[in-house]
Amino acid sequence: MGKDTDSVIIKGFLKEIPIFKSLSDRHLSRLSENFIVCRVNRGETIFHQSDDSTDLYMILDGAVRASLVNEDGEELILAAFNRGDFFGEMSLLDGKPRSATMIAVDAATVGVLKRDAFLQAVKDDPIIAIDLLSAMVQRMRMADGMIESLAFLDVGQRLVRLLMQIARTAGEKDQSGFFRIKRLTHRELAARTGASREAVSKAMKVLVFRGVIKENEGHFLLSPLAEEIL
Ligand code: CMP
């Protein structure tokens with residue numbers, strides 16, 4: 001794709017993004033010309049925690065996760081981002097190293113914007129800063145929820161809370177009130193609940209024994225009992 005075509009696609013796309021919704025057509029054109037479009041493969045790392053860079057990223061297509069990874073390769077997933085979401089705003093704003101590693105969950109297309117171009121857009125229309133703050137506050141609320149789970153819930157409760165969240169957004173309820181959701185590996189569950197894989201396997205065994213979860217080929221069935229555990 002040529003730069004001009006990219007810029008037209010990005011301009012159309014930016015119009016749909018809440019933080020850029022109030023920019024005039026002229027300012028949108030200027031901003032879109034400064035975006036560089038990159039394609040990333042599934043599983044590819046976009047940047048690592050501690051990297052020194054200050055670009056802002058927008059997801060044009062696909063999905064990306066923000067993770068902390070320790071020396072043993074254990075991962076804690078902080079957040080997942082989809083089409084229309086942005087990331088990289090923390091280093092953009094304070095100039096410090098990246099706070100997390102960004103990995104493509106699925107093949108993704110991202111637009112990359114230099115810090116100076118973003119700051120110019122904020123000068124063009126300061127409401128962008130308010131919308132950015134509002135998105136960051138929403139992320140802080142999610143982070144508070146994660147801290148609360150880590151501090152007050154055991155691994156089994158954290159698993160049930162996560163699976164209920166997935167069930168409410170992407171699950172199907174059958175006639176007996178069971179939610180059917182896509183199966184996740186114990187490794188993924190560990191990364192999303194801040195637990196070790198061993199602790200997840202142990203807690204899952206207990207939940208299966210108590211009839212809260214059924215582990216089937218390709219999916220989990222979550223019993224109505226799950227609501228009572230939280
Ligand atoms: P930055 O620190 O520049 O690079 C990593 C990005 O991950 C960060 O900006 C945010 O966009 C995102 N990120 C880091 N921590 C969190 C969190 N707790 N919740 C949501 N997003 C986060």
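Ligands are counted one by one from 1 in listed order, and the atoms in each one are counted from 1 as well. What's counted below: heavy atoms across the whole structure, side chains too, no hydrogens, waters or symmetry copies.
Counted by atom type alone, Asp116 and Gln120 present zero donor-acceptor pairs between their side chains at under 3.5 Å.
For ligand 1, the protein residues placed under 4.0 Å by at least one non-hydrogen atom are Phe47, Ala66, Leu78, Ala79, Phe81, Phe87, Gly88, Glu89, Met90, Ser91, Arg98, Ser99, Ala100, Met102, Arg139.
The distance from the CD1 atom of Ile103 to the CD1 atom of Ile77 is 8.0 Å, given to the nearest 0.5 Å. Between the CG atom in Leu184 and the CG atom in Leu163 there is a gap of 7.0 Å [rounded to 0.5 Å].
In summary, Arg139 and Glu89 engage in a salt bridge, as defined by a charged side-chain N under 4.0 Å from a carboxylate O.
There is a path of hydrophobic side-chain contacts, each under 4.5 Å, that joins Val37 to Leu14.
Using bins of under 30°, 30° to 60° and over 60° for the plane-to-plane angle, the ring pair Phe87/Tyr57 lands in the parallel bin.
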